[in-house]
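In what follows, a structure is listed as structure tokens, so that the remarks can point back to it.
Residue numbers run from 1 in the order of the sequence given.
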Amino acid sequence: MEGIYQHFRPEEKDFIDKVIAWKSEVEMMYAPKLTDFLDPRQQFLTKSIVGSGDINVQFFGGNPTAERKRALLYPSYYSPEEKDFDIVLFELKYPTKFVQLDHRQVLGTLLSLGIKREKFGDIIVNNGRIQFLVVAELASFIEMHMQKVGKASVKVERLPLSDIMNHAEEWQEKQTTVSSLRLDVVLSGITNLSRQKVQSMIKNGLVKVNWQLIDEPSFICQEGDILSAKGFGRSKLFSIDGQTKKEKWRITMGILK
């Protein structure tokens, strides 16, 4: 099992150990195992480690376009259903004529209630409507305690999962060349900031890769990585398209509109 770590990044070891433990539990108990919400990188790691064989894995986060999803690991005899994922959909009711709420405010409110990030899924904002998904065991707690977002009074309403909104996210594609795949170099290419400025942002804890804080400018980016820098939104390394004759890397990025 030691050899598995060489295929992934060193900082991912703790999560990999979790996935190995989940898989072992399903093998021993011969019963399904449901996880909390996982981000896309964690989903990729889970799928890679579970592999194919006697144990399978499915992901569900409310709809096919969901970013954060729960994983269900299960023996081959089992046939998962939507209800197995124990997800509740809420919609915020608030005076939209007088107040504008956003993703950041809802995220902050949920965290301030003491709810860990892995206990709720996507927060979907679309034309003033706001929905979010949570693990079923916290639904009653949220109904009882979520009464304000920012200065606005709110009510939460449970909805069937069939009423979930689609994400309104759009990616703008950008092709560029970079001298290396280091985080500071790639981020400089995306933001058009100097490398020194980007290095300062990274060292000051303003940059995340795959939802994890990264403070090393020399961190090497890979295809599929999601990068976010405070004040510059989110971008995704769609593809690494090879090297030029001058040994620069051609990359295709997606920048969230």
Side-chain angles (χ1 to χ4, degrees), residues 3-17 19 37-49 59 61 64-69 102-104 107 117-118 121-125 166-257:
I4 198 167
Y5 300 113
Q6 69 188 21
H7 301 292
F8 305 106
R9 291 165 167 156
E11 65 271 14
E12 294 171 331
K13 183 181 183 299
D14 288 348
F15 182 77
I16 290 165
D17 288 342
V19 179
F37 284 96
L38 308 178
D39 65 43
R41 178 64 182 176
Q42 291 171 328
Q43 294 165 39
F44 169 77
L45 293 172
T46 302
K47 191 172 183 179
S48 300
I49 293 160
F59 302 94
T65 60
E67 186 173 87
R68 291 178 176 268
K69 300 176 182 178
D102 59 28
H103 183 287
R104 179 184 54 81
L107 174 65
R117 186 62 187 92
E118 59 268 25
D122 289 359
I123 299 166
I124 308 165
V125 181
N166 285 322
H167 288 66
E169 289 185 348
E170 285 185 54
W171 295 92
Q172 179 182 351
E173 207 167 282
K174 175 183 177 180
Q175 292 177 318
T176 188
T177 56
V178 289
S179 59
S180 87
L181 296 173
R182 284 172 50 118
L183 177 58
D184 56 347
V185 177
V186 172
L187 206 51
S188 177
I190 295 166
T191 60
N192 295 320
L193 294 174
S194 72
R195 195 165 159 189
Q196 288 74 22
K197 175 75 172 171
V198 169
Q199 285 177 349
S200 174
M201 290 173 68
I202 295 169
K203 289 174 181 175
N204 285 318
L206 302 179
V207 175
K208 292 182 180 179
V209 180
N210 300 324
W211 298 271
Q212 302 294 317
L213 202 64
I214 300 294
D215 58 9
E216 284 295 329
S218 60
F219 179 92
I220 300 299
C221 297
Q222 297 176 1
E223 271 189 3
D225 281 351
I226 300 281
L227 283 59
S228 59
K230 194 160 187 177
F232 289 89
R234 190 188 295 180
S235 52
K236 182 174 183 177
L237 183 48
F238 281 153
S239 61
I240 299 168
D241 308 315
Q243 286 185 290
T244 66
K245 289 179 181 177
K246 293 184 178 179
E247 297 190 341
K248 288 192 170 187
W249 291 96
R250 285 191 296 268
I251 60 172
T252 303
M253 300 295 306
I255 299 167
L256 195 60
K257 289 184 179 180

Shortest non-hydrogen separation from [X] to [Y] and the atoms involved:
| X | Y | result |
| --- | --- | --- |
| Gly254 | Phe238 | CA-CE1, 3.4 Å |
| Ile251 | Met253 | CD1-SD, 3.8 Å |
| Glu67 | Gln43 | O-NE2, 2.8 Å |
| Ala66 | Gly61 | CB-O, 3.5 Å |
| Phe8 | Leu45 | CD2-CD2, 3.3 Å |
| Met201 | Ala229 | CE-CB, 3.8 Å |

Under a 3.5 Å distance rule, please check whether [X] uses its side chain to pair with a backbone N or O of [Y] as donor and acceptor.
| X | Y | answer |
| --- | --- | --- |
| Ser188 | Leu193 | yes |
| Asp102 | Arg104 | yes |
| Lys47 | Phe59 | no |

Partners passing side chain to side chain donor-acceptor pair (under 3.5 Å) against Arg182 (at least two apart in sequence or in another chain): Asp184

Residues forming a salt bridge (Lys or Arg N to Asp or Glu O under 4.0 Å) with Asp241, sequence neighbours excluded: none

How far does [atom1] of [X] sit from [atom2] of [Y], to the nearest 0.5 angstrom?
| X | Y | atom1 | atom2 | value |
| --- | --- | --- | --- | --- |
| Lys208 | Asp39 | NZ | CG | 10.5 Å |
| Trp211 | Leu38 | CH2 | CG | 11.0 Å |
| Phe37 | Gln42 | CZ | CD | 12.5 Å |
| Asn166 | Thr65 | CG | OG1 | 5.0 Å |
| Gln199 | Leu187 | CD | CG | 11.0 Å |

Of Gln243, Lys246, Arg250, the residue whose pairing with Thr177 passes side chain to side chain contact (heavy atoms under 4.5 Å, CB included): Arg250

Check: Ile255 and Trp171 side chains under 4.5 Å, non-hydrogen atoms: no

Side chain to side chain, Thr46 and Phe15, heavy atoms closer than 4.5 Å: yes

Other residues, nucleotides, ligands: >12 heavy atoms within 6.0 Å of Lys248 NZ: no

Intermediate values then yes/no, side-chain contact (heavy atoms from CB on, under 4.5 Å), Arg195 and Val185: CA-CA 6 Å; Arg195 195 165 159 189; Val185 177; 3.6 Å; yes

For residues 212-228, run the donor-acceptor check on the side chains, cut-off 3.5 Å, and write out each pair with its distance to 0.1 Å, sequence neighbours left out.
residue : atom : partner : partner atom : Å
Glu223  : OE2  : Ile240  : N            : 2.9
Asp225  : OD1  : Arg9    : NH1          : 3.2
Asp225  : OD1  : Asn210  : ND2          : 3.0
Asp225  : OD2  : Arg9    : NH2          : 2.6
Asp225  : OD2  : Gln222  : N            : 2.8

